[in-house]
Amino acid sequence: MNEQQIRNFNHDLLDWFHSNGRHLPWRETDNPYYIWVSEVMLQQTQVNTVIPYYMRFIRKFPTPAALADAPEQDVLKCWEGLGYYSRARHLQQGVREVVEKYDGQLPDSKETLLSISGIGPYTASALLSMAYDEPEPAIDGNLMRVLSRVFLIDDDIAKQKTRRKFEDLASSLITETDPGAFNQALMDIGAMICKPKHADCPNCPLRRHCLASEEGVQLEYPVKSGNAKPRPLHYAVLLIRDDDGRYLIEKRPDKGLLAGFWQFPMILLDEYEKAGQRHDYISERYGCEMAPVHTTFTYTHRFSHLIWHLTLLDGRTHQKPISEKQRLVAVADFDAYPFPVPHQKVIEWIKNNRQNHT
DNA sequence: GACTCGTGGAA
DNA sequence: TTTCCAAGAGT
């Protein structure tokens, strides 16, 4: 595009945005910390899902200091159900860095932002443009989809190399005039008009600039390589109760899937079968004397990259937990612990089927 | 570079 | 019902 075309592109884009852009909670503030929280929550997560989490989060942790000082369990509990929980731990770690090294003020240089835990290329640019009015293009999925159609770019957007190509392109388009609105406008167009499987070209402010629309090939863009199929894992979920009706729960490791969450003990059925002596296996692993187990309920939960098939087994214990990562907790006290969604379903089942917890 | 990391909504 | 995929970052 020449300079005049770029001016027209920006005018059409920003003009549309100012009358049609979405009104969102994090757009009503200029507090960099609030914008930061919203950008992290919005990673791979849709706006409507984020809104209630965002409102709760900034109410509970209204300042960087409040978040820095909070127990990790409280942060995870506030994030419970939103997914990608390492985002929450990295956000808290990043905020702690900001409190300690930058006096609680979010830095305004790209290099420094990128050094902060949980802030990558997208979030750094989003913060610079939206909180500090810097002309940095924030390359996300929306922006790549819209621009791939406008400019007929057929590189695979699943490749990291392609992101840099869009960064170069968007850098040539963005101007000093409200760069935050430039990024948000492209995101809004991507979310409202130029959707993955439907493009409402007649109502698109970029229509006169769009090569894909001109050729009617908008739905063939962007090009994206496919995902692998989720891998199935079969688990036994152990409902181990003591004489007071409390259930044994354990804390997951602090790395990997659902890190730091609490759950009912789970055993891979493969290992369980292989162990042969089922009761001894459970006794050794959980320090609990088990009554004979029997299947009570099965449940399937699909993650993006794997599938849990859960079979509930019933047991009793007269012992106390043998590890700090295990606790006996009354049903009424489950609220204090962050549980993964599939185990929240287990809790629901318990509440519906166990009126008497003795 | 290729994997891992969640969940819910839309078609 | 199945499939895709959404304001990505860390390893």
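Every heavy atom of this structure was used, including side-chain atoms; hydrogens, water molecules and symmetry mates were not. Here is the naming used below: chain letters follow the sequence lines, and residue numbers restart at 1 for every chain.
OP1 and OP2 of B/dC5 both lie 4.0 Å or more from every side-chain N or O belonging to A/Lys255. Of the side-chain N and O atoms in A/His305, none sit less than 4.0 angstrom from OP1 or OP2 of B/dT4. Side-chain nitrogen and oxygen atoms of A/Tyr84 include none within less than 4.0 Å of the OP1 or OP2 phosphate oxygen of C/dG10.
Below the 3.5 angstrom threshold, one finds no donor paired with an acceptor across the side chain of A/Ser86 and the base of C/dG10. Residue-to-nucleotide contacts include no donor-acceptor pair under 3.5 Å from the side chain of A/Thr49 to the base of B/dG9. Between the base of C/dG8 and the side chain of A/Tyr122 there is no donor-acceptor pair shorter than 3.5 Å.
Checked against B/dT7, B/dG1, C/dC5, the side chain of A/Lys224 finds its nearest nucleotide in C/dC5. In this structure, of B/dT7, B/dG1, C/dC5, it is B/dT7 that holds the atom nearest to the side chain of A/Val341. Side-chain proximity of A/His301 to B/dT7, C/dA6, C/dA9: nearest is B/dT7. Residue A/His90 places its side chain closer to C/dG10 than to any other of C/dA6, C/dG10, B/dT7.
Residue A/Ser117 is in sugar-phosphate contact alone, with no base atom involved, counting any heavy-atom pair closer than 4.0 Å across all strands shown. Base engagement by A/Trp26 is indicated by at least one non-hydrogen atom pair under 4.0 Å involving a base atom. Note on A/Pro222: nothing from the nucleic acid sits closer than 4.0 angstrom, heavy atoms only. At the heavy-atom level, A/Leu24 lies under 4.0 Å from base atoms of the strands shown. Looking at heavy-atom distances under 4.0 Å, A/Val47 makes contact with a base. A/Gly81 comes within 4.0 angstrom of the backbone, heavy atoms only, and of no base. At the heavy-atom level, A/Arg145 lies under 4.0 Å from the strands shown only through sugar-phosphate atoms.
The residue among A/Gln184 and A/Gly118 whose nearest nucleotide of DNA chain C is located toward the 5' end is A/Gln184. Positionally, the nearest nucleotide of DNA chain C for A/Gln46 lies more toward the 5' end than for the other of A/Arg163 and A/Gln46.
Between B/dG6 and C/dT11, the distance separating the two P atoms is 13 Å to the nearest Å.
Atom pair A/Tyr85:OH and C/dG10:C1' shows a separation of 18 Å (rounding to whole Å applied). Atom CG in A/Asn183 sits roughly 12 Å away from atom P in C/dG8 (whole-Å rounding). If you measure from atom CG of A/Leu233 to atom P of B/dC5, you get 10 Å, rounded to the nearest angstrom. Atom CG of A/Asp254 is separated from atom P of C/dT11 by 12 Å (rounded to the nearest Å). Distance CG (A/Leu42) to P (B/dT7): 17 Å, rounded to an integer number of Å. The interatomic distance linking A/Lys159 (NZ) with C/dA9 (C1') rounds to 19 Å, in whole Å. Atom CZ of A/Arg302 is separated from atom P of B/dG8 by 11 Å (rounded to the nearest Å). The distance between atom NZ of A/Lys229 and atom C1' of C/dT1, rounded to the nearest whole Å, is 13 Å.
In this structure, A/Tyr33 is a member of the same hydrophobic cluster as A/Trp79, with clusters built from ILVMFWY side-chain heavy atoms closer than 4.5 Å.
Between A/Glu80 and A/Lys77 there is a salt bridge, with a side-chain nitrogen of the basic residue lying less than 4.0 Å from a carboxylate oxygen of the acidic one. Electrostatic pairing of A/Glu167 and A/Lys110 counts as a salt bridge here, judged by a charged N lying under 4.0 Å from a carboxylate O. A salt bridge does not link A/Asp12 with A/Arg207: every distance from a Lys NZ or Arg NE/NH1/NH2 to an Asp or Glu carboxylate oxygen is 4.0 Å or more. A salt bridge links A/Asp188 to A/Arg27: at least one charged side-chain nitrogen sits closer than 4.0 Å to a carboxylate oxygen.
For the pair A/Ile153/A/Pro222, no side-chain contact is recorded, criterion being any heavy-atom separation below 4.5 Å from C-beta on.
For A/Arg56 and A/Tyr53, the positive end sits near the middle of the six-membered ring, less than 6.0 Å away and at most 45° from its axis.
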